[in-house]
There are 2 protein chains.
Amino acid sequence: MNLTQSPEPISRRSLHEELVARLRTMIVDGTMAPGMKVPEKDLCERFAVSRTPLREALKVLAADGLVYLEPNRGAWVTELTESEVSEVFPVLGALEALSGELACENIMDEELAALRQHHDQMILSYKEQDLDGYFQANQRIHAGILSAARNETLVVQCEALSARMQRARYVANISEDRWVEAVSEHEEIIAALEAKDGKALGEILKKHMYNKQLSILKWLDANRETAA
Amino acid sequence: MNLTQSPEPISRRSLHEELVARLRTMIVDGTMAPGMKVPEKDLCERFAVSRTPLREALKVLAADGLVYLEPNRGAWVTELTESEVSEVFPVLGALEALSGELACENIMDEELAALRQHHDQMILSYKEQDLDGYFQANQRIHAGILSAARNETLVVQCEALSARMQRARYVANISEDRWVEAVSEHEEIIAALEAKDGKALGEILKKHMYNKQLSILKWLDANRETAA
DNA sequence: ATATGTAATTTTGAATTCAAAATGCAGTCA
DNA sequence: TGACTGCATTTTGAATTCAAAATTACATAT
């Protein structure tokens, strides 16, 4: 038998891996709300697994900062506090800035073209006031820059921290003012990218992150008493 | 009863937490060498625990990138490859740069004084060619800057990535040339810190990291055939 | 009624068990 | 000799079990 192009290996997934992915999604999209006790027994029944793999998954999510464990008391979904937001965003800003610099060095023409399309799509969604479409295009742009940076470690770190903040973005409905501002920042982003100006792109992405932070902090502050 | 200053909660540790800490140490200090299969049964006997908590710990270490898991085949200590080093150091550089900037904003006088002492101690160790003392002082300086940044998330991220690189630092014996260079960089670091020049400190720390990367890559390259 | 003490129940942490998968080892045949 | 096959052994993944800890419910006393 001659296998010139070897087929990709059959990827197998252990139960706990699958559970990590599922639970992460549930936390990020708000199905499991911040502050909520993780219902171990419930989840076991729902996913039809025993406690062993579920608990393994919870340990991993705890290391990621999405849940916290209290010995002998169980697991809770982490709250999104002001102080956490104020800690995570600067770190995310530094990492996105790096991703911008690296992307300018390594991006390929087809990738750049795809990003330009996503950008135009995003502008279109904004003009039609289509928030879902906007979010999706926005997501794709950031993912595209990150992947163009050619640094898997950076991807992993960014995604882990983003996941922790994502929950807020789902709930925090963007204000019209912030939306206008974000769109204008994105014009700068695509411009810097097309000019391959890494330094500038890094700065803009950092600023972009900082503004997101402010917008979320504002929302958190406004909803503080509501939640409590 | 009036508890004006509430006592700190009694901290308890589950077995798996303890195991994560112990195994991490064993991997970082080289007791478990890169590339080695993790001897599950052995470790269980050695620590006198069952497989359940040990395996939970391995999942966490895998999420940290210190081991990798192959389904149905077990766990291995991750190798330190050129590509991993080339990925992790830039990320670490960006994070250390951030820590420098934040430290300049937030450091207190006593902390600065302590760092100056560690620095002087480090110079002394260098003059006496005391590598252990030098490493220790060096470690304390970086930890001190990080803690002065007042950002727990940043600390966690830096420590996780540092742990992955630390193994190399243990094995890679610093060259005399690199040592001279590192000492001179540290003079710049303490100067920027005392001048509270965040931008400059960030730049130097980033450069410092980059030079460490080069030095480790050189070592890896020289030892490539030895290890294989 | 509120606070304290006690027993029953539930939940958690970790050991054990069990089935599936991988590995190692003979024995067979070219 | 060398590679393939089938069987025994080991290792792994996950369910189950069991003891310890926490929670709840209830009774009693102030």
Side-chain angles (χ1 to χ4, degrees), chain A residues 1-3 6-24 26-27 32-33 35-78, chain B residues 1-3 6-24 26-27 32-33 35-78:
Chain A
M1 187 159 63
N2 178 16
L3 291 175
S6 61
E8 64 183 65
I10 299 172
S11 96
R12 281 173 298 182
R13 225 177 184 187
S14 56
L15 265 186
H16 104 272
E17 273 183 291
E18 182 72 29
L19 286 170
V20 166
R22 299 250 202 151
L23 293 174
R24 175 174 288 131
M26 289 175 75
I27 292 171
M32 294 212 286
M36 168 187 185
K37 166 110 208 235
V38 177
E40 205 175 278
K41 213 176 134 194
D42 245 39
L43 291 169
C44 285
E45 286 169 18
R46 211 107 70 77
F47 292 123
V49 298
S50 79
R51 284 173 60 225
T52 307
L54 187 91
R55 299 177 97 264
E56 287 172 348
L58 289 177
K59 305 279 184 286
V60 172
L61 293 173
D64 271 11
L66 284 174
V67 308
Y68 64 95
L69 309 172
E70 287 193 40
N72 297 319
R73 315 243 291 97
W76 278 262
V77 179
T78 47
Chain B
M1 186 158 67
N2 179 17
L3 291 175
S6 61
E8 64 182 66
I10 299 170
S11 95
R12 282 173 295 183
R13 225 177 187 189
S14 57
L15 264 185
H16 105 271
E17 273 183 291
E18 182 71 31
L19 286 170
V20 166
R22 300 249 202 150
L23 293 174
R24 176 174 287 132
M26 290 174 74
I27 292 172
M32 292 212 288
M36 167 188 187
K37 166 112 210 230
V38 177
E40 205 175 280
K41 212 176 137 194
D42 246 38
L43 291 169
C44 285
E45 286 169 17
R46 212 106 71 74
F47 292 124
V49 297
S50 78
R51 285 174 59 223
T52 309
L54 187 90
R55 296 170 102 288
E56 286 171 348
L58 288 176
K59 304 279 185 287
V60 173
L61 292 172
D64 271 12
L66 285 174
V67 308
Y68 63 94
L69 309 173
E70 286 193 39
N72 296 319
R73 314 245 290 98
W76 279 263
V77 179
T78 47

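Quantities reported herein were computed from a predicted structural model and do not represent experimental measurements. So you know, we letter chains A, B, ... as the sequences are listed, proteins then strands, and number each from 1.
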When the distance from [atom1] of [X] to [atom2] of [N] is rounded to whole Å, what number comes out?
X: B:R51; N: C:dA14; atom1: CZ; atom2: C1'; result: 13 Å
X: A:L15; N: D:dT12; atom1: CG; atom2: C1'; result: 13 Å
X: A:L19; N: D:dA15; atom1: CG; atom2: P; result: 9 Å
X: B:E56; N: D:dA15; atom1: CD; atom2: P; result: 14 Å
X: B:K41; N: C:dA15; atom1: NZ; atom2: P; result: 16 Å
X: A:E45; N: C:dT11; atom1: CD; atom2: P; result: 10 Å
X: B:H16; N: C:dA14; atom1: NE2; atom2: P; result: 9 Å
X: B:K59; N: D:dA14; atom1: NZ; atom2: P; result: 8 Å

Which heavy-atom pair separates B:H16 from B:P53 by the least distance, and what is that distance?
CB-O, 3.8 Å
Heavy-atom nearest nucleotide on DNA chain D taken for A:V49 and for B:G74; more 5' hit belongs to B:G74
Judged by nearest nucleotide, the residue sitting upstream toward the 5' end of DNA chain D, B:A75 or A:S50, is B:A75
Tell me whether the OP1 or OP2 atom of [N] has a side-chain N or O from [X] closer than 4.0 Å.
X: A:T52; N: D:dA14; answer: no
X: B:R73; N: C:dT23; answer: yes
X: A:K37; N: C:dT10; answer: no

Given D:dA15, C:dA14, C:dA21, the nucleotide with the shortest approach to the side chain of B:N72:
C:dA21
What I'd like to find out is whether the side chain of [X] reaches to under 4.5 Å of the side chain of [Y], using heavy atoms alone.
X: A:I27; Y: A:T78; value: no
X: A:L43; Y: A:L19; value: no
X: B:T52; Y: B:E56; value: yes

Please check if atom NZ in A:K37 has more than 12 non-hydrogen atoms from other residues, nucleotides or ligands closer than 6.0 Å.
yes
